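Shown next, in structure tokens, is the structure this report addresses.
No hydrogens, no waters, no symmetry mates; every other heavy atom, side chains included, goes into these values. Quick caveat, the model's predicted, so the values are computed rather than measured. Naming: A, B, ... by sequence-line order, numbering from 1 per chain.
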Number of protein chains: 2
Amino acid sequence: MKIQDIPTDKLFADTPDLESRLAAQEQGEMRLWLRLLSCATLIENEIRSRLRREFKTTLPRFELMAQLHECPEGMRMTELSRRMLVTNGNITGITDQLEKEGMLERHRQAHDRRSSVLRLTPQGKKQYQIMAAAYREWLSAFFAPLSAPNKEGLLDSLGELKLLAHIQTHNNA
Amino acid sequence: MKIQDIPTDKLFADTPDLESRLAAQEQGEMRLWLRLLSCATLIENEIRSRLRREFKTTLPRFELMAQLHECPEGMRMTELSRRMLVTNGNITGITDQLEKEGMLERHRQAHDRRSSVLRLTPQGKKQYQIMAAAYREWLSAFFAPLSAPNKEGLLDSLGELKLLAHIQTHNNA
DNA sequence: TATTGTTATACTCTATAACTATA
DNA sequence: TATAGTTATAGAGTATAACAATA
């Protein structure tokens with residue numbers, strides 16, 4: 001008798017554990033994911049809104065400035081696109097805006113005239129530092145009330161999850 | 001150039017990302033936040049991409065359908081806008097698309113003719129269930145390898161954080 | 001007057017792809 | 001041939017505000 005011939009109801013009659021455990025686990029993962037997403041979205045929305053309201057800027061613009069601020073010698077646009085996980089064309093657009101506002105400059109390279117290096121202007125650096133200070137303050141309002149063990153636990157568990165996520169997104173690239 | 005075309009080794013070789021950027025100078029809350037955001041963004045991007053590729057849909061559309069699926073008696077649009085954290089006008093737009101695709105219907109109310117109640121059509125319900133099954137499977141790939149204690153800890157800590165975030169975002173509403 | 005939903009508008013981000021100019 | 005960056009296009013989400021119908 002082949003497995004295919006066993007009626008489905010008999011095949012799974014006394015194995016409800018496997019099935020229900022799987023289902024339960026997937027439900028648990030879904031709940032965990034939705035909670036994670038809720039937290040991130042709530043905080044992110046608030047930060048986006050404040051960046052817009054108080055500094056007339058956006059999260060991607062802020063992120064690009066943050067990358068440059070951490071790299072005072074400058075950074076090429078392709079490198080930025082890799083770090084920010086968006087395409088070259090998008091970096092060009094954001095860069096255009098920030099350049100127009102005087103926050104950064106394109107420095108063309110003598111040795112490779114295809115590429116240019118982006119650097120914050122003094123004004124951009126100053127502006128970033130003001131925004132970053134506010135940013136850290138906003139974050140504190142969200143995270144400070146969390147108990148210390150919770151913070152540590154979160155940092156560890158999210159670290160593991162992040163690793164898994166990286167692996168997972170590579171496998172089907 | 002597509003993101004998918006970026007070689008993995010280049011993408012993650014020694015290119016510090018959002019989180020590691022500030023690791024040295026800013027401990028604590030900023031680090032925790034960037035790690036949380038990284039996890040959410042990595043997974044969210046992957047899911048957006050798969051929803052688009054495999055089901056020709058988007059995350060907001062999927063989420064609206066999920067809300068309705070959890071509420072078979074139907075839901076008013078203002079309630080949806082509250083739950084999905086977007087404005088009324090946006091719900092109208094997403095609803096228009098889904099209605100055009102036959103996924104849901106607007107049912108006008110006799111007792112309050114200003115409002116209508118949204119309900120999934122049988123086709124919409126069927127389609128949602130197919131997508132949700134795939135969605136859960138995708139999630140499992142990310143979360144299943146996480147240890148059980150980590151999952152529990154995450155769920156608890158994120159629960160606390162979510163509460164704090166809600167309080168925080170309401171205070172200046 | 002307040003609420004429900006619609007409409008209109010403008011902006012940002014995103015993906016895709018064709019293009020240039022270099023290398 | 002491959003790479004760096006640009007340009008063009010199209011689509012989606014969002015915020016804002018003015019609006020109509022109804023409560």
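With no hydrogens or angles considered, no side-chain donor-acceptor pair links B:T78 and B:R82 at under 3.5 Å.
Two residues, A:A110 and B:T78, neighbour DNA chain C, and the one matched to the more 5' nucleotide by heavy-atom proximity is B:T78.
Annotation: side chain to side chain contact (heavy atoms under 4.5 Å, CB included) contacts of B:N90 (sequence neighbours excluded): B:V86, B:T87. For B:N45, the side chain to side chain contact (heavy atoms under 4.5 Å, CB included) test picks out B:T41, with sequence neighbours left out. In this structure A:Q109 satisfies the side-chain hydrogen bond (donor to acceptor under 3.5 Å, both in side chains) test with no other residue, sequence neighbours excluded. Applying the side-chain hydrogen bond (donor to acceptor under 3.5 Å, both in side chains) test to A:E101 and every residue at least two apart in sequence or in another chain returns nothing. For B:K162, the side-chain hydrogen bond (donor to acceptor under 3.5 Å, both in side chains) test picks out no residue, with sequence neighbours left out.
As a whole-Å value, the separation of A:E44 CD from C:dT12 C1' is 14 Å. Separating the CZ atom of B:R114 from the P atom of C:dT4 is a distance of 6 Å, rounded to the nearest angstrom. The CE atom of A:M77 sits 14 Å away from the C1' atom of D:dT3 (whole-angstrom rounding). Rounded to whole angstrom, the span from the NE2 atom of B:H111 across to the P atom of C:dT4 amounts to 12 Å. Taking atom CD of residue B:E79 and atom P of nucleotide C:dG5, one finds them 10 Å apart after rounding to whole Å. The nearest whole Å value for the distance from the CG atom in B:D112 to the C1' atom in C:dT3 is 9 Å. Note: CG (A:L51) to C1' (C:dC13) measures 15 Å, nearest angstrom. Rounded to an integer number of Å, the gap from CZ of A:F62 to C1' of C:dT12 is 18 Å.
The shortest distance between the side-chain N/O atoms of B:R76 and the OP1/OP2 oxygens of C:dT4 is below 4.0 Å. For B:T92 and C:dG5, the shortest distance from a side-chain N or O to OP1 or OP2 is not below 4.0 Å. Contact check, A:R113 against C:dA23: a side-chain N or O comes under 4.0 Å of OP1 or OP2.
Counting any heavy atom pair closer than 4.0 Å across all strands shown, A:S115 reaches sugar-phosphate atoms only and no base atom. Residue contacts for A:S116: at a heavy-atom cut-off of 4.0 Å it reaches the sugar-phosphate backbone alone, with no base atom in range. Residue B:R108 is classed as having no contact, given no heavy-atom separation below 4.0 Å to the nucleic acid.
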Show the distances under 3.5 angstrom between N or O atoms of the protein and N or O atoms of nucleotides 8-19 of chain D.
from: D:dG13; atom 1: OP1; to: B:T58; atom 2: OG1; distance (Å): 2.8

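Checked against the 6.0 Å centroid threshold, A:F62 and A:F55 do not count as a close aromatic pair.
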